[in-house]
Amino acid sequence: MINERLVRKDDYTWEIAKDETLGMRVPGRIFLSDALMRFLEPAAIQQVANVATLPGIVKWSLAMPDVHTGYGFPIGGVAAFDATEGIVSPGGVGFDINCGTRLLATTLTKEEIEQEIQTLTTKLYESVPAGLGSKGSLRFSEKELDQVFLRGAKWAVDSGYGDAGDLKHCESNGCFDGADVSNVSPLAKKRGMPQLGSLGSGNHFLEIQFVDQIYEEREASVFGLRPGQVCIMLHSGSRGAGHQICTDYLKLFQKASQKYAIRLPDRQLACVPADSRDGRSYFSAMAAAANYAWANRQIMSYRVRDVIEREFSTGAGLVYDVAHNIAKLETHHIDGERKEVYVHRKGATRAFEKDESYGVAQPVLIPGSMGTASYVLCGTTKAMQTTFGSTCHGAGRVMSRKAAKRQLTWKGVTESLRQKHITLKTDDLSAVPEEAPEAYKPIDEVISVVSALGISKVVARLVPMGVIKG
DNA sequence: ATGTTC
C-alpha cells in the first residue's frame, strides 16, 4: 500500500522516502493537515512518487495541500528539473496551459453595489462570453493571432485592451519570452482564433467579491486593498488553443520518450530532455499558449472595466495576475548553489518572496470553490527554500464530476448560494453541481496549511456576491 | 481543463 510509505516529518509535512527499487531519484513531499489527510487519494500519492523518478528532478517531488489526482502528474504538484540534465513534460503543466487567476479592485464598496448586484452580475454575464466552446466575438487576422501567441497581454494592451500599468502587475508582465508560433499546430491556432476573450467552462469563473477581512495591513495597502472594497476575480486559461497544444505534444512525446530512452512508470508522464529539439519545441509552444491565456484575461478585464465604467462611472485597477499551470526556467538556491531549473507548477502558484511589480512580496491569488471565500496572499522566503517559491492554487476537488452530479442538484446548489446572498449566472445549469462547494476541499483549511507552513502569508479574504460560471 | 474518445 502506497499510503503506508507516507511518513510524517512535522505537523504539515509528509514524506515518501526515496526508494531506488521504484526508480525514485528524490523523496516525495506532501503538505497536509490532519483534516485534509482524509481527502488524500492513494493514486495522488503514487503520482507524487512517479514524478520523483523523472530524469533531472531536483530535491523533492512536491504536492500542495489542495493535491488531487491528475493526468500523470498530480494537480497541486510542483517539480523542478535540472536545466541541462532534466526533462520537460506536458503532463507537468496540464491541459489548460496558464490557467490562472486575476484580481481587479474597484473604488466601490460592498454597500454601494448591494442593491445592484443582480443587474451588475447580469451585465457582466452579457459582456464576458462564458461556457463550453464560447467565442470571444473579436475579429482579427491570423497575423494578429501570431502576435497574441508571441506577446500575450502586451499585445492586448497595445491593441487598446488596457494600459501599460496592467503589465506591471502581472506575473512575467503578462508575456512569456521564447514563444515560437511555428511550433503551434494549425489546429491549435484554429481553435484559438474564435475563443480569445472568453471565460470557458468547468471551474472557470468571474466573481464579484468584496474584501471581507485584512490580515496584513502593510501588504494589503501596497496591493491597494481595503475592507468592504468590491473586487472582480477572473479564473480562466488558454481555452481550446492550450488544450490542443498540450494534446499535440503529449502525442508526440509518447514516441519521443522512447527515442530518448526515458523509462516511465506511467505513460501519462511522457517527457523529453529540456535541452533537446523536442524539449525546446514544447517549451516554445507552451509559452505561446501561456501568452494566449494572458491576452485572454486582459481582454476580459477590458470588458469588465467597460461594464463598471458604464454602470458606476468608475474604474478597476489590476491587483495582480498569476499562472497556476505553467513550467518556467528559474534560478533557485539549492544546497548552497544557484541552479537553473525548469519548475513545473501544475495547479500550484508561484509565491516569490520578492516581486518587481510592487517591490514587496509577490501577490498570490487563490480562488475558493463557487460560493466560498477566495484569498490574497503573498510569497515568502520559506517558499523559496522549501517549495521552489510555490504555494497552493485553490480548494482542489474531492468529488469527481460524475459523483457530484449524482449527489447534488442545480436547484439545491443555487438555493444554498441564494441563502448566502450570492447571485449565480450560468448558461449550463447541469454543470452547477460539479462546481458546488461540497465537491471541493474547504478552502479555509487549505489556506491555513500554507500559512502555517509559512510558504505564503495571508493578506486578505474575499467573499463572493455574484458568480458567473461557464 | 476540453468542439468531454485519436
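All heavy atoms count here, side chains included; hydrogens, waters and symmetry mates do not. Throughout, protein chains are lettered first and strands after them, A, B, ... in sequence-line order, and every chain is numbered starting at 1.
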Which is true for A/Ile97 with a 4.0 Å heavy-atom rule: it touches a base, it touches only sugar-phosphate, or it touches nothing?
-> nothing
Salt-bridge present (A/Glu435, A/Arg401; N to O < 4.0 Å) | yes
How many Å lie between NZ on A/Lys402 and P on B/dT4, as a whole number?
-> 17 Å
Starting at CG of A/Leu250 and ending at P of B/dT2, how long is that distance when rounded to a whole Å?
-> 16 Å
Rounding to a whole Å, what distance do you find between A/Lys190:NZ and B/dT2:C1'?
-> 15 Å
Give the rounded distance in Å between these two atoms: CD of A/Glu435 and C1' of B/dT2.
-> 14 Å
Rounded to whole angstrom units, what separation is found between the NZ atom of A/Lys255 and the P atom of B/dC6?
-> 16 Å
Base, sugar-phosphate alone, or nothing: which one does A/Leu187 contact when heavy atoms must sit under 4.0 Å apart?
-> base
How would you label the contact of A/Gly202 with the nucleic acid (heavy atoms, under 4.0 Å): base, sugar-phosphate, or nothing?
-> sugar-phosphate
Return the value, rounded to whole Å, for the distance between atom OH of A/Tyr249 and atom P of B/dC6.
-> 19 Å
Base, sugar-phosphate alone, or nothing: which one does A/Glu434 contact when heavy atoms must sit under 4.0 Å apart?
-> nothing
Does a side-chain N or O from A/Thr247 land closer than 4.0 Å to OP1 or OP2 of B/dT2, or not?
-> no
What nucleic acid atoms does A/Gly240 come within less than 4.0 Å of, heavy atoms only: base, sugar-phosphate, or nothing?
-> sugar-phosphate
Separation of atom NZ in A/Lys469 from atom C1' in B/dT2, rounded to whole Å | 15 Å
Are any side-chain N or O atoms of A/Arg25 and backbone N or O atoms of A/Thr53, one a donor and one an acceptor, separated by less than 3.5 Å?
-> yes
Any ion pair linking A/Asp444 and A/Arg461 (charged N to carboxylate O, less than 4.0 Å)?
-> yes
Between B/dT2 (C1') and A/Leu199 (CG): distance, integer Å | 14 Å
Are A/Arg401 and B/dT4 close enough that a side-chain N or O sits under 4.0 Å from OP1 or OP2?
-> no
Is the closest basic N to carboxylate O distance between A/Glu207 and A/Lys469 below 4.0 Å?
-> no
Would you call A/Glu126 and A/Lys123 a salt bridge, taking side-chain N to carboxylate O under 4.0 Å as the test?
-> no
